[in-house]
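We count ligands from 1, going down the list as the structure has it; atoms in each ligand are counted the same way.
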Amino acid sequence: MSTDPDTNDRMIRFDGVVKRFGDHTVLDRLDFTVGRGEKVTLIGPSGSGKTTILRLLMTLETVTEGVIEVDGRPLTHEMRGGRLVPAREKHLREIRKQIGMVFQQFNLFPNMRVLGNIIEAPVHVLNQDKEKAVARARELLEVVGLADKEDAHPSQLSGGQQQRVAIARCLAMNPKVMLLDEVTSALDPELVDDVLVVLRDIATGTDITMVIVTHEMRFAREVSDRVLMFDSGRVIEEAPPEKLFGSPTHERTREFLRAVL
Ligand SMILES: Nc1ncnc2c1ncn2[C@@H]1O[C@H](COP(=O)(O)OP(=O)(O)O)[C@@H](O)[C@H]1O
Ligand SMILES: [Mg+2]
């Protein structure tokens with residue numbers, strides 16, 4: 001496709017990826033790439049495989065067939081003795097460090113305060129010095145507008161605040177790739193904008209590669225370089241947001257947008 005980035009500029013590549021659960025084929029020889037620093041939004045009907053794509057990237061699921069590469073390295077395979085073989089846990093841990101995900105349901109550690117949530121992985125996975133991790137966590141709490149909440153427990157925060165902590169926690173790992181799965185879908189409507197404003201600043205102000213699944217089409221239009229429309233396990237249309245939302249080519253895309261806009 002014309003928008004396909006050059007090999008060196010690719011951060012993510014799906015090459016002939018098939019994902020089946022039992023005899024249900026969710027992804028059907030899926031090909032797509034995401035450029036370094038690019039912000040790509042995935043849209044498509046419920047059940048079209050969007051979450052599965054993100055979970056594969058997080059190595060929470062394994063591909064049935066095909067290859068996924070992140071920053072030029074196969075995600076679930078590694079070279080050993082000159083051959084590509086299924087990756088060991090050590091390789092997966094290395095890969096996972098580069099990718100951060102924010103979930104619909106926040107998934108904060110309920111027994112830890114805000115600061116503890118943010119420094120947990122930098123200290124225990126990246127072996128960062130604790131003082132340094134705390135300093136960085138405080139910077140990130142500023143970024144997400146929660147500088148006064150470092151001692152709060154998740155249960156004392158609103159959904160929107162918890163989600164902003166989850167975003168800070170993701171950024172604390174300095175990910176190359178950030179995956180966002182319907183991060184505002186569980187929020188009360190009046191809390192959605194606070195989260196989207198933070199994400200828009202991150203999208204426009206950093207070179208982190210972002211793969212976004214969202215039903216917030218206005219947000220998608222503002223932050224995305226490219227929008228990919230999924231249906232039945234394939235990308236059926238992809239274009240810059242003005243084009244995809246303004247004059248979609250496929251009837252399936254038009255139908256979907258009529259339903260969600
Ligand atoms: N662990 C699983 N076991 C069986 N089926 C699954 C599993 N995860 C997802 N699916 C199925 O895969 C399809 C795609 O799901 P999903 O990726 O969550 O779609 P989306 O995020 O686009 O709504 C759905 O039909 C779902 O039921
Ligand atoms: Mg989903």
Practice item. Determine whether F14 and T33 make a side-chain contact, defined as any pair of heavy atoms from C-beta on separated by less than 4.5 Å. Key: no
Study note, to complete from the structure: Test side chain to side chain contact (heavy atoms under 4.5 Å, CB included), reference L57, set V34, V70, V177, T52, output is V70
Exercise for review: Could you find the nearest protein heavy atom to atom 26 (C) of ligand 1 and give me its residue, atom name and distance?
Suggested key: H24 CE1, 4.7 Å
Revision key, fill the gap. Value for NE2 (H250) from CG (L257), rounded to nearest 0.5 Å, stands at 12.5 Å
Review point. Heavy-atom distance under 4.5 Å between the side chains of L30 and I53, does that happen here?
Key: yes
Review point. Is T51 close enough that one of its N/O/S atoms sits under 2.8 Å from the Mg ion (ligand 2)?
Key: yes
Check your understanding: Nearest protein heavy atom to atom 18 (O) of ligand 1: under 4.0 Å?
Key -> yes
Exercise for review: Give the numbers and elements of all ligand 1 atoms closer than 4.0 Å to a heavy atom of T51.
Suggested key: 17 (O), 18 (O), 20 (P), 21 (O)
Revision key, fill the gap. For atom 6 (C) of ligand 1, the closest protein heavy atom turns out to be F21 CD1, 3.3 Å
Check your understanding: How close does the nearest protein non-hydrogen atom get to atom 14 (C) of ligand 1, and which residue and atom is it?
Key -> G47 O, 3.4 Å
Check your understanding: When rounded to the nearest 0.5 angstrom, what distance separates CD1 in I99 from CD1 in I12?
Key -> 7.0 Å
Review point. If you count the atoms of ligand 1 from 1 in the order shown, which ones are under 4.0 Å from a heavy atom of S46?
Key: 23 (O)
Practice item. Could you tell me the residue and atom name of the protein heavy atom closest to atom 15 (O) of ligand 1, and the distance to it rounded to 0.1 Å? Key: T52 OG1, 3.8 Å
Check your understanding: Does ligand 1 have an atom under 4.0 Å from some heavy atom of S48?
Key -> yes
Exercise for review: Would you check, one step at a time, whether the test side-chain hydrogen bond (donor to acceptor under 3.5 Å, both in side chains) holds for E237 with T249?
Suggested key: CA-CA 7 Å; E237 180 162 5; T249 312; 3.1 Å; yes
Review point. Which atoms of ligand 1 sit under 4.0 Å from any heavy atom of V26?
Key: 12 (O), 13 (C), 14 (C)
Review point. Honestly, is K243 close enough over F245, meaning NZ or CZ under 6.0 Å from the six-membered ring centre and within 45° of the axis?
Key: no
